[in-house]
Amino acid sequence: MNASSPVNRSFENVDPATGAAHSLVHEADDHLVDRAVTAARKATGAWARTPVRDRTAVLRRAADLIEERFEEFVAAETADTGKPVAQARDLDVARAVANFRTFADVVAAAGQESFLTDLPGGHQALNYAVRKPLGVVAVIVPWNLPLPLLTWKVAPALACGNAVVVKPSDQTPGSATLLAEVLAEAGLPAGAYNIVHGFGGDSAGAHLTAHPGVDGVTFTGSSATGAHVMRTVAPRVRPVSFELGGKNAALVFADADLDEALDGLTRSVFANTGQVCLCTERVYVQRSVFADVVDGLVERARSRRLGPPRDEATTTGPLISKTHRDKVLGYLALAEQAGAKVLTGGGVPRLGPELDGGSWIEPTLWTGLTHADRPVREEIFGPVAALIPFDTEEEAAALANDTDYGLAASVWTSDLRRGHRVAQAMNVGMAWVNTWFLRDLRSPFGGVGLSGIGREGGASSLHFYTEPTNVCVHL
Ligand SMILES: NC(=O)C1=CN([C@@H]2O[C@H](COP(=O)(O)OP(=O)(O)OC[C@H]3O[C@@H](n4cnc5c(N)ncnc54)[C@H](O)[C@@H]3O)[C@@H](O)[C@H]2O)C=CC1
Ligand SMILES: O=C(O)/C=C/C=C(\O)C(=O)O
């Protein structure tokens with residue numbers, strides 16, 4: 001709920017836990033975006049020529065400085081998103097540190113592709129590919145995990161020698177701004193990291209993606225906006241990397257360790273108030289344990305503790321905004337119209353005068369929905385899930401794959417052969433067995449279908465943020 005002002009082109013940043021504005025943010029117009037891209041362009045050459053050991057030293061120093069200012073980052077992330085401080089510490093800020101260290105390691109260890117080619121007459125040719133940075137990379141990120149998603153892109157882009165212009169969500173500008181201070185102190189040259197604050201369409205986001213000086217765009221956000229960005233970039237044929245929405249399934253087999261599965265499901269449905277692209281919104285359960293899983297998950301949902309984000313005991317924060325809550329409430333209404341049984345939740349909680357102005361919602365679970373119903377087909381992005389029974393492994397896999405999205409899935413079983421088999425059958429970018437959101441940052445991350453284009457992580461990031469020039473030498 002940010003109100004823009006045409007006079008001073010600034011907008012209010014609202015604390016979603018209370019609904020109160022806590023800061024005023026400058027909105028970049030097309031001139032400021034142009035200055036940012038120009039500054040980035042100027043920085044590219046020298047930064048690209050900086051030896052890898054010096055570039056990676058800047059990243060490592062940035063990681064150390066984030067650790068030194070850890071609680072400032074936690075406070076910024078909590079104020080902007082309303083997420084509990086415990087989560088901001090353990091997931092968000094810790095992950096930012098890990099992103100910088102991992103990509104420093106990955107780039108320092110990267111080799112080059114080479115092939116020795118046999119030619120007629122006993123001759124040979126040596127092919128080797130030299131990887132060069134793209135140049136100026138536009139980084140557009142959403143509000144749900146602001147710092148982890150920003151640094152997931154900025155760290156490899158900088159490590160590869162690019163300059164970046166970042167456009168955080170208008171709802172979560174704080175940590176990207178703090179990161180600018182950290183990167184400057186870490187020794188990053190001026191112009192290599194630039195921020196433009198503002199909105200998407202007809203604002204900083206649109207100006208940035210349309211700018212002719214941008215050499216590549218990396219975007220995380222909704223599938224609809226991803227498609228829009230792709231259309232904007234298409235006439236200039238620039239590389240894009242898109243990590244978009246999901247409608248992720250969990251498959252619980254009767255042979256699973258049910259306590260472990262229930263703990264995992266609780267995290268995967270309710271973490272970050274369901275606002276992670278990887279969150280589970282469809283839970284398929286083998287019929288013989290359906291009642292047990294329903295009861296166990298309802299009990300765990302009811303024990304989620306909604307409360308002030310700065311209270312260490314809070315486990316569930318608000319949604320990001322009233323607008324987003326209206327969207328989620330719309331799906332709650334659709335589910336009831338479709339005949340869903342609301343097992344728990346289903347509305348807006350009352351948390352007292354301090355918090356009732358915030359965008360809170362109750363963790364909600366349904367049974368009785370089918371694949372014909374929109375709450376089972378469309379990304380809701382809230383603390384909600386539909387539980388649906390199945391009989392056979394084939395049926396479970398078919399149900400899980402019956403979606404236009406293809407981001408993540410989790411399989412819960414004690415039969416590891418089945419775990420491998422079903423995980424491999426999932427039409428997704430990431431499939432977990434007996435866990436969820438367990439990340440090795442060197443592994444490929446991304447989705448298929450409406451869930452995105454391309455992969456980032458480890459070598460995949462190096463491939464996106466660089467272009468190879470293959471040199472062929474006749475020996
Ligand atoms: N990774 C995911 O799965 C995410 C999904 N969502 C879903 O998307 C819905 C809408 O949320 P939004 O914050 O509006 O997501 P969004 O995808 O529209 O916004 C993400 C980022 O893109 C920017 N943006 C928006 N329009 C743009 C344009 N035309 N050109 C360039 N940049 C643009 C935004 O300012 C923001 O920084 C949510 O209700 C949620 O369901 C939201 C965030 C992340
Ligand atoms: O990179 C990760 O581990 C998680 C990424 C999550 C998103 O991209 C998202 O929630 O949008």
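One-based numbering, in listed order, for ligands and for the atoms of each. All heavy atoms count here, side chains included; hydrogens, waters and symmetry mates do not.
- Classification of the F11-F199 ring pair by plane angle, with boundaries at 30° and 60°, yields tilted.
- Close approach of ligand 2 to N144 (heavy-atom distance below 4.0 Å) involves ligand atoms 9 (C), 10 (O), 11 (O).
- Contacts of T220 with ligand 2, taken as heavy-atom pairs under 4.0 Å, involve the side chain alone.
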What are the distances between nitrogen or oxygen atoms of ligand 1 and protein nitrogen or oxygen atoms, counting only those under 3.5 Å?
residue, atom, partner, partner atom, Å
ligand 1, 3 (O), E379, OE2, 3.3
ligand 1, 13 (O), W143, NE1, 2.5
ligand 1, 17 (O), S222, N, 2.7
ligand 1, 17 (O), S222, OG, 2.8
ligand 1, 17 (O), T225, OG1, 3.4
ligand 1, 18 (O), T225, OG1, 2.7
ligand 1, 35 (O), K167, NZ, 2.6
ligand 1, 35 (O), G200, N, 3.4
ligand 1, 37 (O), V141, O, 2.8
ligand 1, 37 (O), K167, NZ, 3.0
ligand 1, 39 (O), H324, ND1, 2.9
ligand 1, 39 (O), K327, NZ, 3.0
ligand 1, 41 (O), K327, NZ, 2.5

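- The shortest contact between atom 4 (C) of ligand 2 and any protein heavy atom is with F445 CZ, 3.6 Å.
- Aromatic rings from F270 and W436 are positioned such that their centres are separated by 6.0 Å or more.
- Looking only at heavy atoms of the protein, atom 8 (O) of ligand 2 is closest to E243 OE1, 2.1 Å.
- Atom numbering of ligand 2 starts at 1 in the shown order; those under 4.0 Å from a heavy atom of V276 are 10 (O).
- The closest protein non-hydrogen atom to atom 7 (C) of ligand 2 is C277 SG, 2.8 Å.
- Few gaps surround CG on D440; more than 12 heavy atoms of other groups in view lie less than 6.0 Å from it.
- Between W366 and L332, the closest side-chain pair of non-hydrogen atoms falls below 4.5 Å.
- W152 and F445 have perpendicular rings, their planes meeting at more than 60° on a 0 to 90° scale where under 30° would count as parallel.
- Considering backbone and side-chain N/O of W152, none are found under 3.5 Å from N/O of ligand 2.
- Considering backbone and side-chain N/O atoms, R95 comes within less than 3.5 Å of an N/O atom of ligand 2.
- For R60, the CZ atom sits in a packed shell: over 12 heavy atoms of surrounding residues, nucleotides or ligands are nearer than 6.0 Å.
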